[in-house]
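Okay, structure first, notes after.
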Amino acid sequence: MSSQSFHPPVRTLMGPGPSDVNPRVLEAMSRPTVGHLDPVFVAMMDELKELLRYAFQTSNSLTMPVSAPGSAGMETCFVNLVEPGDKVVVCQNGVFGGRMKENVERCGGVPVMVEDEWGRAVDPNKVEDALKANPDAKVLAFVHAETSTGAQSDAKTLAGIARRHDCLTIVDCVTSLGGTPVQVDDWDVDAVYSGTQKCLSCVPGLSPVTFGERAMEVVKNRKSKVQSWFLDLSLVLGYWGGGGKRAYHHTAPVNTLYALHEALVMLREEGIENAWARHRRNHEALRAGFEAMGLSFVVPEAERLPQLNAVSVPEGVDEAEVRRRLLEQYSLEIGAGLGAMAGRIWRVGLMGYASSERNVLLCLGALDAVLSDMGAPIETGRGVAAAQAAYKTG
Ligand SMILES: Cc1ncc(COP(=O)(O)O)c(C=O)c1O
């Protein structure tokens, strides 16, 4: 067998993530590797933490990237905050709430599920009822931006309910960070995790997390050891903590951290409010295009995420064949449905660098071409014009 270098094609990534990476980020990643305890690197780490505080809109001193993807950020929150026997109210309105439940169980905790229909936001009334019925609950866990359906929940309201019941909050902001407001201090939430591969225009592989003081008190006063050595914050903080001292914990993914630093510098240059507005503007144009084509959204308008657009597959259309043709003919990736939504929806991401007018028009044009070629029941030739009109008036 003769092995050769791997040269991937240039794709346009408009699925649920990873999304397109800004070329500046890729360039930053290719800079020379230095030691993970090199003073210049350590200085960069401090800047990175400050930039993450800006992205999360927090002053939490424990704000750092976990050296692994979003799932590791999720586990960091659960393994550090949940001890055997702890009761956790978990909201599920899609795939990722189910993973939270798994995490609670694996920590020896007791999940109390609050279920909502997939495609809808978490219902605050149900959360209130669950916390009233379970006054001993220690944590409320919910997904802010449910990537499997494109629904956004009202984090501030849910956090307010948790506070009134003296409950900590764990919040999944993997798909929201950088794309729609994530305001950790204003929401008054306790432990939040995200990912780099969605709205931050960065490569996959890191999970920014932030823990507030209440959460840190709980971590400090644990009765049992955190069962994960790698994710135990009391150990990780020997490397990432404040105070200027840095000791080896694990070999940090040096070049991936350059990438995140560059992505966050770009977020600062753009201004986070401008990034949120860009995601909204492009969503409005894509929405106008989809609706003109006759495609309907899964999530009610008031609960939709601008960066993840879930639309129903028209009757009689082979959805996998559509995605295959988009990839083959246009090098364009869109996402399929997950879990209960598999085969019924497409998920079109407009995340980070991929949230652009160019991509909106490309997606609408390509989808129109493929669907009309397959004889699908759509209003052909209308999507691009409707999006262009939305950009003019929006
Ligand atoms: C809402 C949500 N939570 C958690 C994850 C897990 O992140 P990762 O795939 O980076 O481990 C994802 C990934 O898509 C996600 O969308």
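Residue indices begin at 1 and follow the sequence shown. Predicted, not measured: the structure shown is a model, and the values here were computed from it. Just so you know, ligand 1 is whichever comes first in the structure, and atom 1 is the first atom listed for that ligand.
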Flag the pair [X] and [Y] as a salt bridge only when some basic side-chain nitrogen lies within less than 4.0 angstrom of an acidic carboxylate oxygen.
X	Y	value
R325	E328	no
E333	R11	no
R287	E284	yes
E50	R53	yes

Among all protein non-hydrogen atoms, which one is nearest to [atom], and what is the separation to 0.1 Å?
atom	value
atom 8 (P) of ligand 1	G70 N, 3.5 Å
atom 11 (O) of ligand 1	S71 OG, 2.5 Å
atom 9 (O) of ligand 1	Q197 NE2, 3.9 Å
atom 16 (O) of ligand 1	T147 OG1, 2.4 Å
atom 5 (C) of ligand 1	F96 CE2, 3.4 Å

Task: Contacting atoms of ligand 1, where contact means under 4.0 angstrom from a heavy atom of T175 - done: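 With T175 as reference, the close atoms of ligand 1 come out as 16 (O).
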
**Asked** Going by distance alone, is a donor N or O of one side chain under 3.5 Å from an acceptor N or O of the other, for H144 and S176?
**Response** yes

Flag yes if V79 and V218 sit in one hydrophobic cluster, no otherwise; membership is Ile, Leu, Val, Met, Phe, Trp, Tyr, and two members link when side-chain heavy atoms are under 4.5 Å apart.
->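 Linked, V79 and V218 end up in one cluster.
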
- request: For H279 and Q307, run side chain to side chain contact (heavy atoms under 4.5 Å, CB included): C-alpha distance rounded to whole Å, both residues' side-chain angles, the deciding distance at 0.1 Å, then the answer.
  value: CA-CA 6 Å; H279 282 86; Q307 62 273 49; 4.0 Å; yes

Tell me whether A145 has any N or O atom under 3.5 angstrom from an N or O of ligand 1.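 So ligand 1 has no N or O lying under 3.5 Å from an N or O of A145.
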
Exercise for the section: May I ask you to check whether D172 has an N/O atom sitting below 3.5 Å from an N/O atom of ligand 1? Expected result: yes

| said: Once you restrict to heavy atoms under 4.0 Å, what part of K198 touches ligand 1? Side chain, backbone, both or neither. | reply: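 The answer is the side chain.
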
